[in-house]
> 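Quick one: this structure, given as structure tokens, is what I'll be asking you about.
Every chain is numbered from 1 and lettered A, B, ... according to where its sequence line falls, protein lines coming before strand lines. Hydrogens, waters and symmetry mates are skipped; everything else that's a heavy atom, side chains included, is used.
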2 protein chains.
Amino acid sequence: MFVLEQSFKVSYQYQVYFTEHLFDAENALLAQVFRSLVEPGYVARALFVVDEGVWTAHPVLGEQISRYFDTLKDLVVLAPEIIRVPGGEAVKNDRLQVERIVDAVNEYGIDRHSYLVAIGGGAVLDMAGYAAAISHRGVRHIRIPTTVLSQNDSGIGVKNSVNYKGKKNFLGTFVPPVAVINDSAFLQTLEDRDWRSGISEAVKVALIKDIAFFEWLDNQKDALANRAAEPMAHLIIKCADLHLQHIRGGDPFEFGSARPLDFGHWAAHKLEYLTNFELRHGEAVAIGIALDTVYSFLKGFISETDVLRVLNLFTVLGFGLSHEKLWEDDSRHLKAGLAEFREHLGGRLTITLLEALGKGIEVHEMDENLIEKAANYLKTYETSLRLSPSV
Amino acid sequence: MFVLEQSFKVSYQYQVYFTEHLFDAENALLAQVFRSLVEPGYVARALFVVDEGVWTAHPVLGEQISRYFDTLKDLVVLAPEIIRVPGGEAVKNDRLQVERIVDAVNEYGIDRHSYLVAIGGGAVLDMAGYAAAISHRGVRHIRIPTTVLSQNDSGIGVKNSVNYKGKKNFLGTFVPPVAVINDSAFLQTLEDRDWRSGISEAVKVALIKDIAFFEWLDNQKDALANRAAEPMAHLIIKCADLHLQHIRGGDPFEFGSARPLDFGHWAAHKLEYLTNFELRHGEAVAIGIALDTVYSFLKGFISETDVLRVLNLFTVLGFGLSHEKLWEDDSRHLKAGLAEFREHLGGRLTITLLEALGKGIEVHEMDENLIEKAANYLKTYETSLRLSPSV
Ligand SMILES: NC(=O)c1ccc[n+]([C@@H]2O[C@H](COP(=O)([O-])OP(=O)(O)OC[C@H]3O[C@@H](n4cnc5c(N)ncnc54)[C@H](O)[C@@H]3O)[C@@H](O)[C@H]2O)c1
Ligand SMILES: NC(=O)c1ccc[n+]([C@@H]2O[C@H](COP(=O)([O-])OP(=O)(O)OC[C@H]3O[C@@H](n4cnc5c(N)ncnc54)[C@H](O)[C@@H]3O)[C@@H](O)[C@H]2O)c1
Ligand SMILES: [Zn+2]
Ligand SMILES: [Zn+2]
């Protein structure tokens, strides 16, 4: 027996830019981004993939993109077609969408030095990022997220995926983008649900990492609920920053099984399924966080005052914090969800709870009775809110 | 405008083991490999995918695998099915093969801490590695290469792929295996073509990197042609080592466009296409190397004595060094192949030539007239061999 050892490191680097009205002729950012990325001597190609929801809400977008690139022809040439794809989870369920993009990459000669640029919500970015990652073993990918969730969480990270035969995110890869550009103007056209939904990821990261950010969120909750642009801009930058730090500080491609940023997510994933994805990811995450926060109290880690502060924050922001699937049949679904999460992690459970507001703690067991109690706590909380709606 | 910078490194590490009769009950290697990989407290799962060509040539393999794992049940449990897939390029052309594996990963609960083990030639490993890379954003992958080419080159590296709509390797990823195990016993059942084919990759890496290895190959050429096991074992270890060094010393995931290990490959890829993959990869590479070696001579980099030494080495090993597609229509196909290769690299050509035996040199232009001359040189060389077959 003889052995050769292989070991190496692969370096990744990308910028997350924050701007407004990216495709305005006067906005030089995108041109600068391409100038920083395209190798001297090359003329790159760029293929755009756009979320139909964004396209409809921004009817001049296509024209703006074409006009913007007219002046950049020495640097990057636009593919003759902008590909529009359905927005939301549907785009991740339909394998033909990935195929359309892969085919366009082929047809328009998008090579490993060219760019697939995706504009849209988290679902479109996940699907397009996957298509980019597998074409030619990876063409360069630029993400332009258009929802709160994708600007502060899903769109700035290193994962992509599609669903397969009813299994959420079953196919995917870990491949960082070469740039992310958050344009706050897109947020104006979001439905209230999508404006709100991504805020739960900010609450998540604040609760496990940053008490000052949590205090700030608590102070801004009314303004955020009223769709004030300024605190939202701050929220997204802060939340994105914490997520980026987490990725680089830990295990970016998740080879291990500890995933502290999944706080509240084990129950959230199960709820998304149980509701057939009628709950948005962020909405399910809010419920999942509420559940694990109550569990942390029942376990004696935090006080009831803390719990009520968290639940009140979510409630003022407009989130529902309970769902009949949580307590149905003695919380059977939650118990099954926990078992599935354990299996997903490869047999050993790692769950993040709170040992204080702003401080997560990892545990490797959860008590099924307490889970059931936590679910009932949320039920009672929501019922009492309905009875006294002024609270 | 505001920017957040992201940068991090991802570390990869894996061993390439060399053994004989891996699944013999007395061979402890595979058990050790699993013991070193499986996290304490886990019981991992393993799903095997086996090349039909190997299965047929080793009729007790399936039984041996089952028996071997019977004693390892506390560490790793075998999936109830061993998946057999067609060998050779066919398996990379048929998308249903990837789907079968992805479905089995799903059905048998192969998670990110479990193992997809592929046994076969380069084509089966490429396809199975791709399926492993995209399932759950990557399940752990162990490769057991069974051809010379896959043991010394394709199976030890970081790339996987399948063909898509007639485009070779159009879909794929860069994802290293967690272990590679080269079992020399498999080589005994190879057809002569497959025994020989992978030797060209050893000649390639010797010519551009290691004159001593080239001298050794030249000394061993008769033994290698006669299928002597011992020099082949040495050749594979040496060639694998040089490839592994190259990967870790450079740009493992090929973000740039210099790929010195592609010496001889621009013409080889074109020939594989033109012959509808009737030429094996290694056979096409031998011709590609011969062509670029002659070109290096015509360009004045090396002497004709050097050229003839290289051509003679290949000839004694049993390789054909010419093909009518090379010179047909004034070498039209080669000229087109060069243009395609340039495009594949994103506009800027980088080709490795020889400035001496054992020393590659990168150039960014090639002279079409000299390419045509080189093709004709090979034609004349082969014709003269046929006229005086004792040479
Ligand atoms: N990759 C990751 O790390 C990661 C992390 C978390 C979530 N996700 C994924 O993200 C997805 C959810 O993303 P999401 O919350 O952004 O929602 P979404 O992508 O499902 O979009 C929701 C709706 O908003 C529309 N829309 C998007 N931008 C708009 C705009 N500016 N104006 C008007 N309408 C607009 C879309 O067309 C869609 O109908 C899920 O599939 C989830 O799995 C991925
Ligand atoms: N991933 C990479 O970095 C990389 C590099 C070079 C080549 N490749 C790919 O490798 C493939 C070629 O691989 P290959 O040369 O190993 O040939 P192959 O995989 O095409 O196999 C050739 C034949 O040998 C049979 N076979 C395999 N092992 C056998 C054994 N031990 N006994 C009897 N028969 C056996 C197979 O069934 C098949 O019929 C091509 O698809 C090429 O693109 C990949
Ligand atoms: Zn989330
Ligand atoms: Zn090769």
> Which atom pair, heavy atoms only, marks the closest approach of B:Phe253 to A:Arg112?
O-NH2, 2.9 Å
> What distance separates A:Ser135 OG from B:Phe170 CZ, expressed to the nearest 0.5 Å?
5.0 Å
> Would you name the heavy atoms of A:Met1 and B:Leu29 that are closest together and state the gap between them?
SD-CD1, 3.9 Å
> With side chains defined as the heavy atoms from C-beta onward, is the minimum distance between B:Lys165 and A:Glu99 less than 4.5 Å?
yes
> Of the backbone (N, CA, C, O) and the side chain (C-beta and beyond), which part of A:Ile156 lies under 4.5 Å from a heavy atom of chain B, both, or neither?
neither
> For residues A:Ala133 and B:Thr173, report the shortest heavy-atom separation together with the two atoms involved.
O-CG2, 4.5 Å
> Do B:Val10 and A:Phe174 have side chains that get closer than 4.5 Å, going by heavy atoms?
no
> With chain A, which of B:Thr19, B:Asn106, B:Val105 has the greatest number of heavy-atom pairs at distances under 4.5 Å?
B:Asn106
> If I compare all heavy atoms of B:Leu4 with all of A:Ile237, which pair ends up nearest, and what's the gap?
CD1-O, 3.8 Å
> Starting from the C-alpha separation in whole Å, work towards a yes-or-no answer on side-chain contact (heavy atoms from CB on, under 4.5 Å) for A:Ile134 and B:Ile134.
CA-CA 9 Å; A:Ile134 60 175; B:Ile134 61 175; 4.0 Å; yes
> Is B:Ser11 close to chain A through its backbone or its side chain, or both, or neither, when contacts mean heavy atoms under 4.5 Å?
both
> Measuring heavy-atom distances to chain B, does A:Phe255 have an atom under 4.5 Å in its side chain, in its backbone, in both, or in neither?
both
> Heavy atoms only: give me the nearest A:Arg137-B:Ser161 pair and the separation to one decimal.
NH2-OG, 3.3 Å
> Check whether A:Arg248 reaches the backbone of B:Lys9 with its side chain - one donor and one acceptor, N or O, closer than 3.5 Å.
no
> Quick one: what part of A:Val102 sits under 4.5 Å from any heavy atom of chain B, side chain, backbone, both or neither?
both
> Return the option, out of B:Asn182, B:Val180, B:Asp103, B:Asn27, with the maximum number of heavy-atom pairs under 4.5 Å with chain A.
B:Asp103
> Given that the side chain runs from C-beta out, which part of A:Ala240 has a heavy atom under 4.5 Å from chain B: side chain, backbone, both or neither?
both
> Against chain A, label B:Ile181 side chain, backbone, both or neither, depending on which of its atoms sit under 4.5 Å from a heavy atom there.
neither
> Is any side-chain heavy atom of A:Gln13 closer than 4.5 Å to a side-chain heavy atom of B:Gln6?
no
> Just give me the residue among B:Glu5, B:Arg140, B:Lys167 that pairs up with chain A most often, heavy atom to heavy atom, under 4.5 Å.
B:Glu5
> Within a strict 4.5 Å, meaning less than it, do heavy atoms of the B:Phe8 and A:Ile247 side chains meet?
yes
